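This one's a predicted model, so the numbers in the text were calculated from it and none came from an experiment. Convention: sequence-line order gives letters A, B, ...; per-chain numbering from 1.
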Amino acid sequence: MPRLILHVDLDAFFAAIEQRDHPEWRGRPLVVGAQPGGRGVVATCSYEARRFGVHSAMPITQAARRLPPETVYVRPRVAHYAQVSAQIMAVLATISPRIERVSIDEAYLDVSGLTALFGPPRVIGEQVKGSIRQAVGLTASVGIGPNRLIAKLASDYHKPDGLTVVLEEQVADFLAPMPFNVLRGMGVKTAPRLARLGVKTVGDLRELSLETLRQHCGARAGTQFYYQARGIADDRLYPDRERLSISKERTFPEDVTDPKQLAETLHWAAREVAWTARQTGRLGRVVTLKVCFYPFETHTRSRSLRVPTADEQDLYQVAWSLLASEATWTGRPVRLIGLGLSGWSQPTTGQQLDLFETAETGRNPADNGLTETLDAIRHRFGAEAIQRGIGLHHQGN
DNA sequence: TCTGGGGTCCTAGGACCC
DNA sequence: TCTGGGGTCCTAGGACCC
C-alpha cells in the first residue's frame, strides 16, 4: 500500500503577504528583498515581476534593470511572515496531525489514512488549499504523490494556485519528460556535468548506469539521482527535527578594512547568536567564524570548546581569536563576517543552567549578569580555557 | 553583472584510539 | 619491529536548498 504524501507550497509567499496587506500594491510588480542600488538579492517577487524575468536569488541590481519604474521594493518583514506561517501550519495540522514544516512557506503532510475521511486525494488537496485561503487569504500550490520527491515536483507542476495528483502508476510518465535538473540536489555545479553527457530530461538520465552517475556526481549524490530518476524516494516525515546550528552574519554595504568595525559586527553577531541559543535552551561547543573577501572568497574557521557555552563574550572572544590568528587575512577588505554556534550539549553545571534562567527573565542579553555567570564558570574551569576557546582536543594543537 | 541570510549535508584528510 | 583496519572526532571547504 503506497503512502500518500502531500506537499504544500505558498505562492510567492513574502510578496503575496505584502500585496494582501497593501491593496494599493496589488497588480503591480513587487520585490521583497534588498533595496535597488544596494548589495543583495531578490528574496521573493510577485508574479507581475516574474513576467519581466525576475526571480528569487537574482541580484537586485539586475532585477532593477529589468523592472519598470512603478515597481514596489520592500524590505522583508520576516517576523510578520513567520506569524502568518504559524497560522497556516496550525490550520494544516487540523487536516493531518502528521505534518513536517520544511521552511517558512512549505510543508509535507502524510495523508495516507485520510481518504476514508475526506475522499480521494484531489479532495484532500482542495481541502488544504481552501482552508489556507480561508484562514489567511493566500493561495498555495499543492502536490500529492507516493513520496516526498513526487509530491514536491507535483506542487511545482502548476503554479500558482495549482493542484496536481500523481498516482504511483503515473510516476514514470510524469517524470520522464521533465528537465533533469528538477531532481533534488541537482544544482549549478552538478547539472552541467551531466548536461555534457547529453542528458536533457529525467528520462535521459534514467539511461545512465548507477556506476556512471556515481562517477560524475559522487557516490552519495549519484545513487540518489539514480533512484530519483525512477521515482524512488523517501516517503517518511520528520516532524520534530532539531536545529543543528545557530548563526548570524552580515554583508557590509561596502567592503570593510577597519578592525574596529569588524569587532563591532562580531560583537553584534555574538550577542544575537548567544541570545537565540539561550532562548531555545542550548549550549554549544563549536564556534565557527565565517569571513568573505573579494571576490566572494569565503573561509571558515572553527574551534571546539571543552566547556559548552551560550555566552556572548565567549563567542566573541573565540571568534576574534580565530580571526586574529590568520596573519594573511590582516588588512584584506572584508565583504561579509559572521559567527555560528553548533555542537549542542546538555548543561552540566549549575552556572550553565543559570544562563537559561536569565534568558527566561527576558533581560537584555547585554546585561552584565550573564557575564558574571560566565565568570563563575571561568573560575571553575580556568579563565584561559574559555578565553582561548579552550579547544584543544589534541595535544600540540 | 553580481551574487542575502539562514540553514543542511557531504567529502576528505589528519589525529587518535583500540 | 612492523603492521592493519575500523571508528570517532576535528577541521575546512563546497554544494545545495528556501
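Within the 4.0 angstrom heavy-atom criterion, only backbone atoms of the sugar-phosphate kind lie near A:Lys152; the bases stay farther away. As judged by a 4.0 angstrom heavy-atom cut-off over every strand, A:Arg193 is placed among residues making no nucleic acid contact.
B:dT3 and C:dC16 are spaced 15 Å apart, taking the C1' atom of each and rounding to whole Å.
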Item to complete: Could you go through the salt bridge (charged side-chain N to carboxylate O under 4.0 Å, His left out) check for A:Lys129 and A:Asp11 one step at a time?
Response: CA-CA 11 Å; A:Lys129 288 159 59 76; A:Asp11 300 316; over 6 Å; no
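The environment of OH in A:Tyr227 is sparse: at most 12 heavy-atom neighbours from other residues, nucleotides or ligands sit within 6.0 Å.
When the side-chain nitrogen and oxygen atoms of A:His299 are compared with OP1 and OP2 of C:dA12, none of them lie within a distance under 4.0 Å. When the side-chain nitrogen and oxygen atoms of A:Thr251 are compared with OP1 and OP2 of B:dG5, one or more of them lie within a distance under 4.0 Å. Between A:Thr300 and C:dG13, a side-chain N or O to OP1/OP2 separation shorter than 4.0 Å is present. Checking the phosphate oxygens (OP1, OP2) of B:dC2, no side-chain nitrogen or oxygen of A:Arg335 falls inside 4.0 Å. Look at A:Arg184 and you won't find any side-chain N or O under 4.0 angstrom from OP1 or OP2 of C:dC16. The shortest distance between the side-chain N/O atoms of A:Ser304 and the OP1/OP2 oxygens of C:dC9 is not below 4.0 Å.
If you find the closest nucleotide of DNA chain B to A:Phe296 and to A:Ser245, the one lying nearer the 5' end belongs to A:Phe296. Comparing A:Gln62 and A:Ser56 by the nucleotide of DNA chain B whose heavy atom lies nearest to each, the residue mapping closer to the 5' end is A:Gln62.
Look at B:dC2: its glycosidic torsion is within 90° of 0, and that puts it in the syn range.
The nearest whole Å value for the distance from the CZ atom in A:Arg39 to the P atom in B:dT3 is 6 Å.
Salt-bridge annotation for A:Arg39 and A:Asp255: present, with a side-chain N of the basic residue lying under 4.0 Å from a carboxylate O of the acidic one.
Transitive grouping of hydrophobic side chains (ILVMFWY, heavy atoms separated by less than 4.5 Å) keeps A:Val91 and A:Val136 in distinct clusters.
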